Amino acid sequence: MRVLSLIRSRFAPVLANWLTEPDALNAALERIVASREAGLADYQANVAMPLQKKLGKPPLAIAEEIVSHVDLSDLCESVTIAGQGYVNLRLSPKWLAQCLMEAHADPERLAVAPVATPKTVVIDYSSPNVAKPMHVGHIRSTVIGDSITKILRFLGHKAISDNHLGDWGTQFGMIIYGYKNFRDDVAYAQAPVAELSRLYRVVQRIIGFQDAVASIPKLELALTKAEQKLTESKAKSAAAPQDKKLAKEIAVAARQLDEANEELQKAKTSIEESSQDHDFIERSKQHAELGQRVLKETAKLHSGDRENLELWEAFVPNCKDEIHSVYTRLNIQFDHEFGESYYHEMLPAVVEDLLAKSLAVQSGGAICVFLDGYEAPMIVQKQDGAYLYSTTDIATAVFREREFGPDASLYVVDHRQSEHFQKLFDVLRKIGLTHTELKHVEFGTVLGEDGKPFKTRSGTVVGLNSMLDEAVSGAYEVVCDPDRLLKSGYAFTDAEKREISETVGLGAIKYADLCHNRTSNYVFDMKKMVQLQGNTAAYIQYSYARTRSILRKAETDGIETSKWLDAPLVLIEAPELNLGLQLLRFEDMLNQSMVDYLPNVVTEYLFETAKLFSSFYDQCSVLGAETPESVLSRLRLIDLTGITLRKGLELLGIGVVERM
RNA sequence: GCACCUAUAGCUCAAUUGGAUAGAGCAUCGGUCUACGGAACCGAAGGUUUCUGGUUCGAACCCAGAUAGGUGUACCA
């Protein structure tokens, strides 16, 4: 039910008397909102105060005039003026019940009408490198993108999801090099993906070591410079001890010195550690300047070298299988998975086009697009002729434009790439993609408890699969605690226990990610989300299970579904009304969540709904209600509550179980 | 150096994009109830929204400055 637009439509003719410009009128109408203070109002219109200057009247007088002209008698039981000029609306319980019955009669869509003007939206999300196992860093893009896709579709938009797999970059040069030089044939035959991933790590370690060795002189130079700077600052400050700026300069210089020192030490330690490993050092010597060699393998692949292409063709399906197993487990599907390799042949044309339009120029041997406001250009072709991910991104956008003609294109990618996307969008607009809304749906980093990017104790990134396993086993311990299950009075089979743990565990991970405002960093705390208390998926899943439990109990008590399914809904007690009002807001909430693509609007709504249900559950007996009519009405209300919770979770990609 | 982002309760986070007395969850303290499933409910305590100014009828939100942190910054993706 679109309550807001209905209420706004009632105010519109009155406000139009004063606000003749459509923009001003719309801005005023948008100040009619759901009230935050349940005690004061259900909905409120904050329209009188801003008009006081324009009309030269006190806001209370304006509010009175508005109230006397707006006709809300069929929707509201009261329209009052409060505070400095707020118009407060209280919905009529009868109308509220009427709306809820309509929603309940349509359990699939909850009477949510498809949008009048559907948009075609391409959503680019997840996009892992297929050469390495997925890790914790992929969870946000995957879960947020999936949820946005589902919500847009439910609202009636055409959402096209595309997993822009990294299947063509340097990482394949690494694997190819590793395969040619370090492979273990037996291991490869037994478990190709594990062996490829090992080869990737072997190559990466050598490159890391060689880079570290190469960086020592630079780091030492930086250290010396930092020392000099500190000494200079101290000398200057000694001459002018009052100068605050100089004091600050010293602090900054000291910090930079610390950082330089730390970096140098880190490099030295890692070199030291590797030096103990004689086989490794021997290998590193044999494969000097491995980074360059890897780039050559990559270049050979890109230029169509038969051997490398055949290896690539052999590797990619295996790598994809590995990644798909994770998606299967997470119950996530994509419409398309073109991947970077798909655009390979389009890249020369992209560069030629940019050159022809004089947008790109040669600089330092590379072909670059210089953009206003940025120091560094966007490089589209390297000195050695190779293309970069920016080139692929341009080709991809052009392809999507041609193929799908989207109204909007969303990139669900880490906030660290925001400059890349700003530049990309700049370039895309310059080559004519002006009527598509291009949006970087950025999100913050997942941090460990130390406030640094989430890593395991040994400092390696956390694999996604093992993280999911941990969540599921954590959920099992809590949900399938023998004492708890005993109290439920139901004998759960092992299969049921496993299904519940899987649903609750994966839900915990997804929900923990979605419930934070996507733009901020958040601290990952497995213990907290697995404890299943507070604002977690489990609390909501449990609320759902309770609604089902009551309905089962009713059935065994002889109240068949048919008796309450069409029964009149009558809302009298405060907990009933509060819950009902919340359920009424489902559609407005979904639209709100898509204004800026914020799934946490949905999680918040569901948590609030579950809390209102718990409160209702505690204060209003359903099966023990005073009149038979009330029993039927309440059964219908909790069924609608359950359906709403289930649908909301479904739009977040989270499942429910009938009992847990 | 330059650019962008962030700063809210002890901790982790919200705040319908400028609306009323800044809200939740953990943690702390107190209370309820033989239960339609206690993973519950009700309540208390906890805040100069980093600081200083400004704009506005109204500011956590907008502007300026300061402080502290993060990220990015020419051929990785």
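When reading the values below, keep in mind they use all heavy atoms of this one structure, side chains included, and skip hydrogens, waters and symmetry mates. Note that the structure is a prediction, hence the values are computed from the model and not measured. Labels below follow one simple rule: chain letters A, B, ... track the order of the sequence lines, proteins then strands, and each chain is numbered from 1.
Under the 4.5 Å side-chain criterion, counting only non-hydrogen atoms from C-beta, A:C480 is not in contact with A:F492. Side-chain contact between A:L598 and A:V601: present, with at least one pair of heavy atoms (C-beta onward) separated by less than 4.5 Å. Side-chain contact between A:V657 and A:Q541: absent, with no pair of heavy atoms (C-beta onward) separated by less than 4.5 Å.
Rounded to an integer number of Å, the gap from CZ of A:F172 to P of B:A77 is 13 Å. The distance between atom CZ of A:F616 and atom P of B:C42, rounded to the nearest whole Å, is 14 Å. Atom P of nucleotide B:U12 and atom CG of A:N535 are separated by 16 Å, given to the nearest angstrom. For A:L579 and B:C41, the CG to P distance is 13 Å, given to the nearest whole Å. For A:D481 and B:G37, the CG to P distance is 19 Å, given to the nearest whole Å. Between the C1' atom of B:A77 and the CD1 atom of A:I207 lies a distance of 14 Å, rounded to the nearest Å. One can place OH of A:Y511 at 12 Å from P of B:G25, the figure rounded to the nearest angstrom. The separation between A:Y539 atom OH and B:A24 atom C1' is 11 Å, rounded to whole Å.
Minimum atom distance to the side chain of A:V33 is reached by B:U17, of the listed B:G25, B:U17, B:U73. Ranking B:C76, B:G23, B:U12 by closeness to the A:L388 side chain, first place goes to B:C76. Nearest nucleotide to the A:R659 side chain, out of B:A74, B:G19, B:G37: B:G37. Comparing B:A40, B:A20, B:A74 by their closest approach to the side chain of A:R546 singles out B:A40. Picking from B:A39, B:A14, B:A24 the nucleotide with the shortest atom distance to the side chain of A:A538 gives B:A39. Distance from the side chain of A:I550 is smallest to B:C36 among B:G19, B:U12, B:C36. Of all nucleotides listed (B:C36, B:A74, B:C42), B:A74 comes nearest to the side chain of A:F370. Taking only side-chain atoms of A:N129, from C-beta outward, the nucleotide of B:A74, B:U12, B:A77 with the closest atom is B:A77. When distances are taken from the side chain of A:C368 to each of B:G37, B:A74, B:C36, the shortest belongs to B:A74. Comparing atom distances between the A:P50 side chain and each of B:A24, B:G19, B:A39 picks out B:G19 as nearest.
Put simply, the side chain of A:Y542 and the base of B:A39 share no donor and acceptor less than 3.5 Å apart. Taking 3.5 Å as the limit, the base of B:A20 and the side chain of A:S35 contain no donor-acceptor pair of atoms between them. Between the side chain of A:Q44 and the base of B:A20, a donor-acceptor pair under 3.5 Å is found.
Nucleotide B:A64 forms a Watson-Crick or G-U wobble pair with B:U52, both donor-acceptor distances falling under 3.5 Å. Shown here, B:G72 forms a base pair with B:C2; the pair counts as Watson-Crick or G-U wobble because both key distances fall under 3.5 Å.
Toward the 5′ end of RNA chain B lies the nearest nucleotide of A:R31, the other residue of the pair A:R31 and A:K53 mapping further downstream. Both A:R416 and A:Q619 lie close to RNA chain B; mapped to their nearest nucleotides by heavy-atom distance, the more 5′-ward contact belongs to A:Q619.
Here the options are A:Y389, A:W312, A:Y343, the test is ring pair (Phe, Tyr, Trp, His ring centres under 6.0 Å), and the partner is A:W168; only A:W312 passes.
Stacking of the aromatic ring of A:Y389 onto the base of B:C76 is not found under the criterion of centres within 5.5 Å and planes under 30°. A distance cut-off of 5.5 Å between ring centres, combined with a plane angle under 30°, places A:Y86 in a stacking arrangement with the base of B:A20.
The main-chain N or O of A:V479 is found under 3.5 Å from a side-chain atom of A:R484 such that the two form a donor-acceptor pair. Looking at A:H440, its side chain does come within 3.5 Å of a backbone N or O of A:V413 through a donor-acceptor pair. A:Y125 contributes no side-chain N or O that, together with a main-chain N or O of A:H164, makes up a donor-acceptor pair within less than 3.5 Å. Between the side chain of A:T391 and the backbone N or O of A:V380 there is at least one donor-acceptor pair closer than 3.5 Å.
B:A60 and B:U50: their P atoms are spaced 10 Å apart (whole Å). For the P atoms, the distance linking B:U71 with B:C13 amounts to 16 Å, nearest Å. Comparing the C1' positions of B:G18 and B:G72 gives a spacing of 31 Å, expressed to the nearest Å. Comparing B:A9 with B:C26, their C1' atoms are spaced 12 Å from each other, to the whole Å.
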I would like to know whether A:F421 and A:K439 meet side-chain contact (heavy atoms from CB on, under 4.5 Å); could you show each step before the answer?
CA-CA 8 Å; A:F421 281 107; A:K439 171 125 179 135; over 6 Å; no
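Contact between the side-chain N/O atoms of A:Y411 and the OP1/OP2 oxygens of B:A77 is not found at any separation under 4.0 Å. Note on A:S520: a side-chain N or O is less than 4.0 Å away from OP1 or OP2 of B:A14. In this model, the phosphate group of B:G37 is not approached by any side-chain N or O of A:K553 to a distance below 4.0 Å at OP1 or OP2.
A:D596 comes within 4.0 angstrom of a base, heavy atoms only. Residue A:D167 is out of contact with every strand shown, counting any heavy-atom pair closer than 4.0 Å. Note on A:P377: a base of the nucleic acid sits closer than 4.0 angstrom, heavy atoms only. As judged by a 4.0 angstrom heavy-atom cut-off over every strand, A:Y522 is placed among residues touching the sugar-phosphate backbone only. In this structure, A:M660 reaches the bases: a heavy-atom distance under 4.0 Å links it to at least one base atom across the strands shown. Within 4.0 Å of A:V523, counting heavy atoms only, lie sugar-phosphate atoms of the nucleic acid but no base atom. Residue A:S614 is classed as a sugar-phosphate contact, given heavy-atom separations below 4.0 Å to backbone atoms only. Residue contacts for A:L598: at a heavy-atom cut-off of 4.0 Å it reaches a base atom on one of the strands shown. Using a 4.0 Å heavy-atom distance criterion, A:N600 is classed as a sugar-phosphate-only contact. Across all strands shown, A:S615 has heavy atoms under 4.0 Å from sugar-phosphate atoms exclusively, and none from any base. Heavy atoms of A:N517 sit under 4.0 angstrom from primed sugar atoms or phosphate atoms, though from no base atom.
Taking the six-membered ring wherever Trp is involved, the centroid distance between the rings of A:Y411 and A:F425 falls below 6.0 Å.
By the 6.0 Å contact criterion, CD on A:E658 is enclosed, its count of non-hydrogen atoms from other residues, nucleotides or ligands being greater than 12. At most 12 non-hydrogen atoms from other residues, nucleotides or ligands lie less than 6.0 angstrom from CD of A:E289.
B:U17 adopts a syn glycosidic conformation, its chi angle falling within 90° of 0.
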Collect all protein-nucleotide pairs involving nucleotides 2-8 of chain B in which both atoms are nitrogen or oxygen and the distance is under 3.5 Å.
none

Expected rows: protein N/O vs nucleotides 58-62 of chain B N/O, under 3.5 Å:
none

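Contact record, A:G507 with A:A537: O-CB, 3.5 Å, taken as the closest heavy-atom pair.
In this structure, CZ in A:F607 is found 10.5 Å from CG in A:L612, a value given to the nearest 0.5 Å.
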